Structure formats: C-alpha cells, structure tokens
Amino acid sequence: MQVTDLYVSAPGKAILHGEHAVVHGKVALAVSLNLRTYLRLKATTFGKVCINLPNIDTFLSWDLSQLKQLRDEVQRLDAELVRRLREFIGVTNGSLDTCSMATLSFLYLYLSLFGSGELPSLTLTVWSELPTGAGLGSSAAYSVCLAAALLCASGAIPPPLKEWEHTARWCQEELELINSWAFQGEMIIHGNPSGVDNAVGTWGGMLRFLAGKIIPLSRVPLLRILLTNTKVPRSTKVLVARVKDKINKFPSIMVPVLDSVDAISCTCEKVLSEMTCEPITGDHYNILEELIDINQHHLNVMGVGHPALDRLCQVTLVKGLHSKLTGAGGGGCGITLLRPGSTVQELKDCGFDCWETSIGGPGVQQHSAISVKEEILEILNHY
C-alpha cells in the first residue's frame, strides 16, 4: 500500500453541442462542470475492504479473505471476473441499481489494479455534488476518482501532491493511465460508453469529440451556466435508437440536420476560442445564445425533446436567457447560459432542481484535506 490517506476529486460534464451527433461521425463539444465528485481513500488495519456512498446511504464491507479467494479462483481479469463479482455481490440479473454498479466497478478496479500482489485493507468514501442519473457524468467522475486513488494506492502512479501544496494534478502519461482505467469502470456501469465522460473527468476543460477521437482544448472561457434537472427519467438507449430510426426513415431530411449540428459545434468552438484571447463582449454572448436556440430546435426535430425541456426554454426566455437540453434528451437536464449578473428563480418555482455553476473546471486532482470544502470533508471523514 503506497499511500495511507488520499483525497481526490473529478468534475462532472455537460454537452454544449453535438448530442447524438457523436454516433454519426459529427463533432460534439463536452465541457467539465465545477460540480465535483470527491473520494477519500484511507488505509486501515482491520482486514476489510469498505466502501461508503453517503449520497445513496450505502456502506458495504468485505473480508480480505473473501476477495483473495475470489481473485485466486479467477486468473484472468476480464468478463469472467465481472460475472463472478456479480455473483459475489448478489446481482445475477442483467440490470444494476446505482449501488450495485458503483460496487461492481470498485471491486473490479480494486482486484485488477492490485493483481496478484497483497490486497490492502482500506476504506473508500465517495461524495458527489452531482445528481445521479441526470446525464451530468456522475458515474464517470466516480470512475475517474476510483482509478486515480487505486492507481496511487497500488504504486502504479505517484501521488502528485507536494507537502506545501493544496491541490495537484498528475502528468499527461499518468492522466492517460487514469483515463484508461476509468473507462474500464464506465464499461462495467454502462456497457458501451463513448469515453467522452471519463475523458472530461480526467482532463477537465473542454473536449472536442469526433469519430471516436477525443481532443482536449487548451483554454475555455469562464462561463456561468444554470443546470436544471427536469426530474423526467429517460433511457439513453431508447433515445439513441429513436434518432437512428428517424435517420433511416428520412435520410434526406435528417442528414442535413446532423450536418447543421456539426456546424453549430464547430462555430461554438471558434467563438469560445475567441473569448479566451480577446475581451468578451455582448456579441459573443449573442452568438452563443443563437447557437443554443438553433441546436435546441434541431434536437426537437430529432425527436429527443420533451415538454419539460420546452417549459425550461420558455421560462428562461422570458428572462432573456437561452436554454437547451444536455445529454440524451427526453427529459434529464438542461443548461442555461447566464450572462453576468443574471439569475433565474422562476425555474425553482416550476419544481425544477437548479444548480448555478461554471464550465471549464480542472480535471482529476489530488487534494490536501485543507483544500476540500468543510462540509464535504466532514462527510468524507465520518467513516
């Protein structure tokens, strides 16, 4: 065990433009949010591995002897290990709830990263500012935190934090390793993820995603946004299939729509780049707002809108603000671009959950205890 006490965090994500375009070879822009998932890894001596998830009121523990026996019985760390872990935690059907997904991902990474060596006794506590199941990358932020903490604990990468520092980041090579293992965790949770969410959690900032290739963009302007959860549940799988069906049914109509969304993403990227190297003006906001409106209309044409999202757009437009869905659509979350000085109380009056935040936050970080928010530190240190 290379570390005895470690704090790490990773951000959530929003899709600025390009929802559903990624599966059709078009550009999507994803940005990190300044809402984060925090993890504390603590070495212990009582011969157990424990995970505490206060967001979902869950605390689980296993004797090291149980895990060692399981590892020794499964020589290859692949689908067979996942199958055996499902049996181990008592999940034999195809579906997994949030607790089971988090547990399965943790145990898979734990056994994989410590390989045939000594399994350490430890306790993980994870707390997130991100709502789960809302399309904001909460599972990816969790997977990134797991990967970073366990890679450090196993000695595969060193903790980057120096004694005099409050926060620190890993080097590029180490971030790539964190991202690859976080992707493994995401595959266990989602089956066939794009890799965008864990990449945003790892590198932060803004990413350009095209045909499976992820390119981190160097600078992002500090823009305030309002995240609104419509509380309408949706299935990403169903929504993706709906878009594909429309394209197959009306190719001459839908292909130009996707081409237009691609152009919106590229134009937005250009404007955001300009905003990092010249004074931000009202014209910049005007263009971004027009792009938001056009993209939202396109998403409705694709069939992934929802009356709750329409209501969000109407309420914010009355205040002179512009909104669109983020993620798969069909409910879930929307984002509203906030100009300096603007707020929206009416959304809470409509029964929506809202969080004001900003885009372009840093990726995965190690923290000193003093740099973690006091209320979050209290939760992490409770166990």
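Values in this document were obtained by computation on a predicted structure and should not be read as measured data.
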Steps toward side-chain hydrogen bond (donor to acceptor under 3.5 Å, both in side chains) verdict (Q172, W203): CA-CA 9 Å; Q172 181 66 17; W203 278 282; 3.3 Å; yes

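- One hydrophobic cluster, built from ILVMFWY side chains closer than 4.5 Å, holds both L227 and I292.
- D262 and S265 share no side-chain donor-acceptor pair at under 3.5 Å.
- The hydrophobic cluster containing I225 also contains V220, counting ILVMFWY residues as joined when their side-chain heavy atoms lie under 4.5 angstrom apart, directly or transitively.
- Pairs engaging residues 268-280 under the salt bridge (charged side-chain N to carboxylate O under 4.0 Å, His left out) rule: R208-E269 [sequence neighbours left out].
- With no hydrogens or angles considered, no side-chain donor-acceptor pair links H382 and T125 at under 3.5 Å.
- Membership of the apolar cluster around M187 extends to F183, as traced through chained side-chain contacts below 4.5 Å between ILVMFWY residues.
- For C268, the side chain to side chain contact (heavy atoms under 4.5 Å, CB included) criterion is met by L16, H17, L29, L272, L288, L291, not counting sequence neighbours.
- Contacts classified as salt bridge (charged side-chain N to carboxylate O under 4.0 Å, His left out) and involving residues 320-329 (residues at least two apart or in different chains) are given here: E19-K324.
- Remark: the backbone N or O of G363 is paired with a side-chain donor or acceptor of R36 at under 3.5 angstrom.
- With hydrogens and angles disregarded, a donor-acceptor distance shorter than 3.5 Å links the side chain of T58 to the backbone of I56.
- Not one N or O on the side chain of S32 forms a donor-acceptor pair closer than 3.5 Å with the backbone of G204.
- Under the salt bridge (charged side-chain N to carboxylate O under 4.0 Å, His left out) criterion, the residue pairs touching residues 184-202 are K13-D197, with sequence neighbours excluded.
- For the residue pair N34 and S358, a side-chain donor N or O sits within less than 3.5 Å of a side-chain acceptor on the partner.
- For E174, the side chain to side chain contact (heavy atoms under 4.5 Å, CB included) test picks out I157, P158, W170, C171, with sequence neighbours left out.
- Of the possible donor and acceptor atoms, one in the side chain of R169 sits under 3.5 Å from a partner among the backbone N and O of V364.
- When hydrophobic clusters are built by joining Ile, Leu, Val, Met, Phe, Trp and Tyr residues whose side-chain heavy atoms come closer than 4.5 Å, directly or via intermediates, L161 is not grouped with L150.
- In the model, S323 has a side-chain atom that pairs as donor or acceptor with a side-chain atom of T316 under 3.5 Å.
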Name the atoms and distances for all side-chain donor-acceptor pairs under 3.5 Å in residues 246-253, with sequence neighbours left out.
from: K246; atom 1: NZ; to: V301; atom 2: O; distance (Å): 3.0
from: N248; atom 1: ND2; to: K244; atom 2: O; distance (Å): 3.2

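- Looking at residues two or more places apart in sequence or on another chain, you find a side chain to side chain contact (heavy atoms under 4.5 Å, CB included) between H306 and V232, A308, L309.
- In this structure, the side chain of E289 does not engage the main chain of L321 through any donor-acceptor pair within 3.5 Å.
- Heavy atoms from other residues, nucleotides or ligands lying under 6.0 Å from CD of E173 number 12 at most.
- Taking Y110 as the reference, F106, F114 meet the ring-ring contact (aromatic ring centres under 6.0 Å, His included) condition, with sequence neighbours excluded.
- Taking the ring-ring contact (aromatic ring centres under 6.0 Å, His included) definition, one finds that Y7 meets it with nothing, sequence neighbours left out.
- Under the rule for a side chain to side chain contact (heavy atoms under 4.5 Å, CB included), H297 has no partner lying at least two apart in sequence or in another chain.
- Under the 4.5 Å side-chain heavy-atom criterion for Ile, Leu, Val, Met, Phe, Trp and Tyr, I287 and I280 are members of the same hydrophobic cluster.
- A donor-acceptor contact shorter than 3.5 Å links the side chain of S143 to the backbone of S139.
- The salt bridge (charged side-chain N to carboxylate O under 4.0 Å, His left out) contacts involving residues 108-126 comprise K68-E118, where partners must be two or more places apart or lie in separate chains.
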